[in-house]
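To start, the structure itself, in structure tokens.
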Amino acid sequence: MTGTAHTPAAPSVPHAPPTPPAQHVVVIGQGHVGLPLALRAAEAGFTVTGVDTDEQRVKRLTAGDPYVGDVPAERLAAALDSGRYRASADYADAEGFDICVITVPVPVRDGVPDRGGIEAAGRAVAPYLRPGAVVVLESTTAPGTTEELLAPLLEETSGLAAGSGFHLGYSPERTDPGNARWTLETTPKVVSGVNVRSLLAVDAFYSRVVRHTVPVSSPRTAELTKIVEDTFRQVNIALVNELATVTGPLGADIREAIEAAATKPYGFLPFQPGPGVGGHRLPVARGELRFAALADEVNGAMPGRVADRVTAGLAARGTAVDGSRVLLLGLAYKRNSGDLRESPALAVAAELTARGARVRAVEPHADPARLPADLLCVELTYQEAAAADVVVVATDHDVFDYPMLARAAPYVFDTRDRCRGGSVERL
Ligand SMILES: NC(=O)c1ccc[n+]([C@@H]2O[C@H](COP(=O)([O-])OP(=O)(O)OC[C@H]3O[C@@H](n4cnc5c(N)ncnc54)[C@H](O)[C@@H]3O)[C@@H](O)[C@H]2O)c1
């Protein structure tokens, strides 16, 4: 064998395994819950389709207009540019999905929760359900919905069994609009599955999207967790609203009392009185939870109480509410959010309008397309505040100039305790 010049071979490198294609996530409903989730999943490396039956919304998303107050346009633009996010009004784009999250609303009409949206979404996505895929429900709903309503209709259409043919679970949403610290990513997420395999699959998805997951034993427990959280909030707000209403005439300061009570290092959480609650209603039938019903009644009476106090305050200043000019600040139900759903501020506007007041409103965070057509919306300026007979602070957005208000307005009625000054009266 003649020797041949031998160039030392390059060290052999094992072939890198081909990168698996990104998993396809479908998020049904591109609203306050679904859109942030879809964008977060795209940021985490999934290929995401946001399905929404509202074609206008899909058009706006495709054009880079996020319409949900908490989602900056730059974030949507980055997701669209990455090629990992698209919006669609066509369920056929769910074809081949690996993970599907349902975030459609459960409206409460005449005290009865309507789960038709969950049913519609389940039926529409079922034809695209493949073996091994994961379906998660996030809509706030009564315990049992995932297993009793969603599972059978997915099974019927797909011919696959929940828990073995495909994975199924529930994970409640904890969105706090306007909260910069506790975002979708930083807030612990409760997860569940119809069995251990489903729980692991659901957990594997959310573990890539949020920092901490909190597995619980069943979808029923996860559904109940959300009811516990929402009832807790509504009952506690009702409690301080009731205390404020009863103790106000006695000259006692409820806010100072709450602040003092909050120094107790255990067993107390401070909630503040205000014009009501807002946000989604609890998806439980009227009368099922007496505490929730009572809280609803107490909180629901607050806009009327605010209107009573404003009427009395105007009268004390020699102005009749009928014909008065009211500047109402904040229409959203929560500070720094543009979410108008069930907002008590809208109820305050309606109460005052019914008494003959000419209400002008300021809401910088809401989607202009969603502002009530029958309410004149203006910018907050010194002149607007000065021209009003009363400025009512309904929602205390940080962008409002409170010291200016107190200087400009002859009378400020503050339901949120943000203003100081001689012309200011607090709820
Ligand atoms: N917004 C919150 O702060 C919040 C917090 C916790 C839980 N939730 C719960 O999350 C769920 C969704 O709430 P949201 O605030 O995102 O509602 P949303 O109204 O902001 O958005 C819902 C979206 O779903 C779309 N939609 C309705 N039916 C559909 C269907 N069949 N198929 C596809 N799209 C459909 C609507 O067009 C809308 O864009 C509700 O059950 C709610 O109780 C909301």
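In each ligand, atom 1 is the first atom listed, and ligand 1 is the first ligand listed. Heavy atoms only: backbone and side chains are in, while hydrogens, waters and symmetry mates are out.
Among all protein heavy atoms, the one lying closest to atom 33 (C) of ligand 1 is Y91 OH, 3.3 Å. Remark: minimum distance from atom 23 (C) of ligand 1 to any protein heavy atom is reached at D52 OD2, 3.5 Å. In terms of protein heavy-atom proximity, atom 20 (O) of ligand 1 is nearest to H32 ND1, 2.7 Å. Summary of contacts: the protein heavy atom closest to atom 21 (O) of ligand 1 is G31 CA, 3.1 Å. In terms of protein heavy-atom proximity, atom 17 (O) of ligand 1 is closest to R341 NH1, 3.1 Å. Ranking the protein heavy atoms by distance from atom 28 (N) of ligand 1 puts V104 CG1, 3.8 Å first. Of the protein's non-hydrogen atoms, H280 NE2, 3.5 Å is the one closest to atom 13 (O) of ligand 1.
On a distance-only criterion, V33 and ligand 1 share at least one N/O pair closer than 3.5 Å. When only interatomic distances are considered, the shortest N/O to N/O separation between K226 and ligand 1 does not fall below 3.5 Å. Remark: ligand 1 and R57 share an N or O pair separated by less than 3.5 Å (distance only, no angle test).
Not close to ligand 1: Y67, with no non-hydrogen atom less than 4.0 angstrom away. Note on ligand 1: R174 sits outside its first shell, no heavy atom being nearer than 4.0 Å.
Residue S139 approaches ligand 1 through these ligand atoms, each under 4.0 Å from one of its heavy atoms: 41 (O). Proximity to Y333 (heavy-atom distance under 4.0 Å) selects the following atoms of ligand 1: 3 (O). Ligand-side atoms of ligand 1 in range of V106: 41 (O), range being under 4.0 angstrom from any heavy atom. Contact atoms of ligand 1 toward D54: 37 (O) (distance under 4.0 Å to a heavy atom of the residue). Set against the non-hydrogen atoms of I28, the atoms of ligand 1 under 4.0 Å away are 32 (N), 33 (C).
Under 4.0 angstrom from ligand 1, the non-hydrogen atoms of T140 come from both its backbone and its side chain.
Side-chain N/O atoms of R115 and T145 include a donor and acceptor closer than 3.5 Å. No donor-acceptor contact under 3.5 angstrom links the side chains of T49 and D93, judged on distance only.
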Worksheet entry | CA sep, side-chain torsions, deciding dist, call: R75, E43, side chain to side chain contact (heavy atoms under 4.5 Å, CB included) | CA-CA 9 Å; R75 194 166 168 216; E43 288 158 8; 2.6 Å; yes
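With salt bridges taken as basic N to acidic carboxylate O contacts below 4.0 Å, none links D389 and R325.
Scanning both residues, A366 and L371, for their nearest heavy atoms gives CB-CD2, 3.8 Å. Shortest non-hydrogen contact noted between Y333 and R341 is CD2-O, 3.8 Å. Among all heavy-atom pairs drawn from Y91 and T53, the shortest one is CE1-CG2, 4.2 Å.
The option from P105, G29, A120, G116 that lies nearest to atom 22 (C) of ligand 1, judged by heavy atoms, is P105. Atom 12 (C) of ligand 1 has its nearest heavy-atom neighbour, among T103, T53, V58, in T103.
Checking V362, T395, L375 one by one against L331, the side-chain contact (heavy atoms from CB on, under 4.5 Å) holds for a single residue, L375. The salt bridge (charged side-chain N to carboxylate O under 4.0 Å, His left out) with K334 is formed by just one residue from the set D176, D339, D396, D398; it is D176.
The 12-atom threshold is not exceeded at CD of E55, counting heavy atoms of other residues, nucleotides or ligands nearer than 6.0 Å.
With a 6.0 Å cutoff to the six-membered ring centre and a 45° limit on the axis angle, R208 counts as a cation-pi contact of F46.
Note: F271 and F232 meet the aromatic proximity criterion, with ring centroids under 6.0 Å apart.
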